[in-house]
*Asks:* 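I am attaching a structure below and will ask some questions about it afterwards.
For the numbers below, each heavy atom of this structure counts, side chains included, while hydrogens, waters and symmetry mates do not. Numbered from 1 within each chain, the chains take letters A, B, ... in sequence-line order.
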Protein chains: 2
Amino acid sequence: MMTRLFLQAHRTPTLAPEEVAALEQAIARTVEFAARRTIVRPNEPLSQCTLLLDGFVQRYKDTPEGRRQILAIHVPGDFVDLHSYPLRQLEHHVAAITPVQVALFPHSAVRALTKESATLTELLWRSTMIDAAINREWIVSIGARPAAVRLAHVFCEMYLRLERVGLADGTRYALPLTQIDLADATGLTAVHANRMLRQLREQGLVEFRQGSVEIFDWPGLKRFAEFDASYLYLD
Amino acid sequence: MMTRLFLQAHRTPTLAPEEVAALEQAIARTVEFAARRTIVRPNEPLSQCTLLLDGFVQRYKDTPEGRRQILAIHVPGDFVDLHSYPLRQLEHHVAAITPVQVALFPHSAVRALTKESATLTELLWRSTMIDAAINREWIVSIGARPAAVRLAHVFCEMYLRLERVGLADGTRYALPLTQIDLADATGLTAVHANRMLRQLREQGLVEFRQGSVEIFDWPGLKRFAEFDASYLYLD
DNA sequence: CGGGGCCTTGAACGTCGTCAAGCGATGTGG
DNA sequence: CCACATCGCTTGACGACGTTCAAGGCCCCG
């Protein structure tokens with residue numbers, strides 16, 4: 001059951017057993033990538049989609065001035081580029097953060113799934129729309145929240161997303177990013193991200209160390225981050 | 001042909017005549033809204049999608065601190081909330097900017113369309129993914145570009161989107177926003193947006209006055225904005 | 001043992017936000 | 001028909017949040 005984590009993360013709409021089977025059978029093969037390896041390059045014709053089975057993946061763009069903006073951080077159970085099915089190519093990079101294992105769905109198989117079942121169509125489409133909802137929340141964070149709040153917000157979001165696929169251990173979870181990654185995701189410099197992380201730690205809210213997060217005070221962190229989970233559509 | 005502008009904006013994949021007809025017949029009715037009226041409220045159950053026929057629409061979120069972040073600006077031919085079909089409710093506001101006319105597609109009709117044609121499914125899905133690609137580019141702008149460049153980038157984007165649906169007159173087009181709206185879209189304050197607009201004007205790149213934009217130097221503006229249109233997927 | 005990431009901290013600077021005031025246009029009610 | 005309020009635009013002065021530049025430490029790896 002390669003699709004187990006995906007279905008655990010996306011429970012609406014509910015699939016019939018034969019729809020689950022069809023989804024499972026749409027997988028052509030699995031592949032592994034080493035840490036920091038590129039998975040998809042911008043503007044190259046694509047013929048398959050990538051479901052993340054294990055490890056962490058990022059999507060990002062670089063600006064001509066040499067700044068990198070991370071657009072999304074993906075956890076196991078996420079389709080990292082399902083949008084390549086309707087778009088046919090992507091305008092951003094997709095790269096492994098850690099060593100990863102992925103399952104590949106040929107576009108032709110995705111198309112076949114949409115023909116077979118309107119419910120399956122809805123589920124796949126929905127998962128790309130939740131991705132977009134996360135993008136929107138990041139716009140709000142980067143555009144309207146001060147640095148420390150942005151970081152706190154990321155820790156809240158990643159906690160819920162990882163917890164949902166069974167990758168949180170109480171209030172602790174692995175988030176194998178560098179402070180540079182975190183800065184590139186939140187529109188900050190690494191220096192300032194570092195200072196804000198210290199502040200969050202000293203406030204007793206959350207600690208980020210060596211790629212892992214420990215939440216000391218979940219209600220306090222949520223309050224500080226102005227975190228409202230409705231954008232994750234967990235229902 | 002209510003769907004004319006939508007099909008003009010989205011030419012890939014190409015529909016067969018009967019698919020165009022099916023799309024057209026999925027419209028239940030048209031409705032008008034006065035300027036600045038709310039069209040969709042967050043977290044309310046939705047049963048239809050809204051295609052913008054005429055006028056401008058914004059999507060936004062408010063933070064507890066009272067800052068408003070605009071997430072998207074929609075022009076005629078845009079489906080402003082097609083994502084409500086798979087999501088069933090939205091986590092943000094949708095509101096008219098100007099007086100608008102919209103066409104309503106019941107979710108049941110959208111579902112029927114996805115059953116009828118995989119190509120239609122792909123087209124509708126694709127339009128929501130282009131929306132998401134625009135969200136991503138806004139993340140880059142807000143996260144990694146200085147104020148003046150952000151504004152210049154918006155003017156480039158809106159020019160191409162409006163030009164595609166025949167709403168640009170040479171290098172001039174209507175963009176009926178206030179400076180406050182522009183600031184809320186770019187993560188700036190109105191005061192600073194005002195100063196940067198003056199700078200762009202004095203640099204001879206672009207002028208924004210009374211809800212309309214005139215581009216004086218398109219190549220220069222594109223260069224200044226680091227504008228790469230591939231995220232609009234115009235093919 | 002040397003080199004390169006990554007993290008950490010300090011100091012100085014600058015972009016952008018805040019506060020404040022004034023202007024013109026619009027609209028509403030006395 | 002005028003008085004007054006409201007809204008958007010504009011500009012100045014000041015302050016702050018975040019960046020830049022710089023240096024040093026730690027750790028891993030070749």
Side-chain angles (χ1 to χ4, degrees), chain A residues 34-37 56 58 63 65-70 95 97-99 141-154 174-203 206-214 224, chain B residues 34-36 56 58 63 65-70 97-99 141-154 174-203 206-214 224:
Chain A
R36 301 285 159 179
R37 257 1 206 315
F56 286 71
Q58 59 177 332
T63 70
E65 276 71 36
R67 287 187 62 115
R68 163 166 305 190
Q69 178 64 49
I70 294 181
I97 295 174
T98 61
S141 256
I142 298 173
R145 297 201 252 252
V149 178
R150 282 184 222 178
L151 289 167
H153 201 280
V154 167
L175 186 68
L177 306 177
T178 65
Q179 292 188 3
I180 299 171
D181 293 331
L182 223 35
D184 288 345
T186 50
L188 301 170
T189 58
V191 172
H192 198 57
N194 178 284
R195 291 192 235 268
M196 295 300 103
L197 289 173
R198 172 154 57 90
Q199 182 190 310
L200 291 174
R201 187 181 346 112
E202 289 172 354
Q203 285 181 3
V206 61
E207 179 173 41
F208 176 76
R209 257 185 65 241
Q210 299 173 160
S212 97
V213 175
E214 178 160 11
F224 181 80
Chain B
R36 300 286 159 178
F56 285 73
Q58 59 176 330
T63 70
E65 277 71 36
R67 286 187 63 117
R68 163 165 306 188
Q69 178 64 50
I70 294 181
I97 295 174
T98 61
S141 256
I142 298 174
R145 298 201 250 252
V149 179
R150 283 184 222 177
L151 289 167
H153 201 280
V154 168
L175 187 68
L177 305 177
T178 65
Q179 292 189 2
I180 299 171
D181 293 331
L182 223 36
D184 288 346
T186 50
L188 301 170
T189 58
V191 172
H192 198 58
N194 178 285
R195 292 192 234 267
M196 294 301 103
L197 289 173
R198 172 153 57 91
Q199 183 190 308
L200 291 175
R201 188 181 345 114
E202 289 172 353
Q203 285 182 2
V206 60
E207 178 173 41
F208 175 76
R209 256 185 67 239
Q210 300 175 159
S212 99
V213 174
E214 177 161 11
F224 181 80

*Asks:* Rounded to whole Å, how long is the line connecting atom CZ of R198(B) with atom C1' of dG8(D)?
*Replies:*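 About 16 Å, once rounded to whole Å.
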*Asks:* Judged by modelled atom types alone, do R145(A) and S141(A) share a side-chain donor-acceptor pair under 3.5 Å?
*Replies:*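 Side-chain D/A pair, R145(A) to S141(A): present.
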*Asks:* How long is the line joining CD of E207(A) and P of dC7(C), in whole Å?
*Replies:*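 Taking atom P of dC7(C) as the reference, CD of E207(A) is at 13 Å.
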*Asks:* Report the distance from atom CZ of R209(A) to atom P of dC27(D), rounded to the nearest whole Å.
*Replies:* 11 Å
*Asks:* Would you mind telling me which of dC21(D), dG17(C), dC7(C) lies closest to the side-chain atoms of V191(A)?
*Replies:* dC21(D)
*Asks:* If only side-chain N and O atoms of N194(B) are considered, is one of them under 4.0 Å from the OP1 or OP2 phosphate oxygen of dT10(D)?
*Replies:* yes
*Asks:* Nearest to the side chain of T189(B), heavy atoms from C-beta on, is which of dG17(C), dG8(D), dC16(C)?
*Replies:*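 That would be dG17(C).
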*Asks:* How long is the line joining CD of Q179(A) and P of dT9(C), in whole Å?
*Replies:*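 Between P of dT9(C) and CD of Q179(A): 10 Å.
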*Asks:* If I take atom CZ in residue R150(A) and atom P in nucleotide dT19(D), what distance separates them, rounded to the nearest angstrom?
*Replies:*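 Roughly 8 Å, once rounded to whole Å.
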*Asks:* Whole Å only: how far is the CG atom of L200(A) from the P atom of dT8(C)?
*Replies:*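 One finds 13 Å between P of dT8(C) and CG of L200(A), rounded.
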*Asks:* Between R195(B) and dT15(C), is there a contact of a side-chain N or O with OP1 or OP2 at under 4.0 Å?
*Replies:*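 Answer is no, no contact under 4.0 Å.
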*Asks:* Grab the CG-C1' distance between D184(A) and dT19(D) for me, whole Å please.
*Replies:* 14 Å
*Asks:* Say whether, by atom type as modelled, one donor and one acceptor occur between the side chain of Q199(B) and the main chain of A148(B) under 3.5 angstrom.
*Replies:*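 Answer holds: no.
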*Asks:* Out of dT10(D), dT19(D), dC6(C), which nucleotide sits closest to the side chain of L188(A)?
*Replies:*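 My answer, after comparing the listed nucleotides, is dT19(D).
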*Asks:* Identify which nucleotide among dC16(C), dG17(C), dT8(C) has an atom closest to any side-chain atom of P146(B), counting heavy atoms from C-beta outward.
*Replies:*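 The answer is dC16(C).
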*Asks:* What closest approach, in Å, do F224(A) and V149(A) show between heavy atoms, and which atom pair accounts for it?
*Replies:* O-CG1, 3.6 Å
*Asks:* Between C1' on dG18(D) and CD on Q199(A), what's the gap in Å once rounded to a whole number?
*Replies:*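 Rounding to the nearest Å, CD of Q199(A) and C1' of dG18(D) are 13 Å apart.
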*Asks:* Which part of the nucleic acid, if any, lies within reach of G211(A) when heavy atoms closer than 4.0 Å are counted: base, sugar-phosphate only, or nothing?
*Replies:*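 Answer is nothing: G211(A) stays at 4.0 Å or more from every strand.
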*Asks:* Just wondering, are more than 12 heavy atoms of other shown residues or ligands nearer than 6.0 Å to CZ in R37(A)?
*Replies:*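 No.
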*Asks:* Has the side chain of T98(B) got a donor or acceptor atom that lies under 3.5 Å from a matching backbone atom of F56(B)?
*Replies:*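 Between the backbone of F56(B) and the side chain of T98(B) there is a qualifying donor-acceptor contact (under 3.5 Å).
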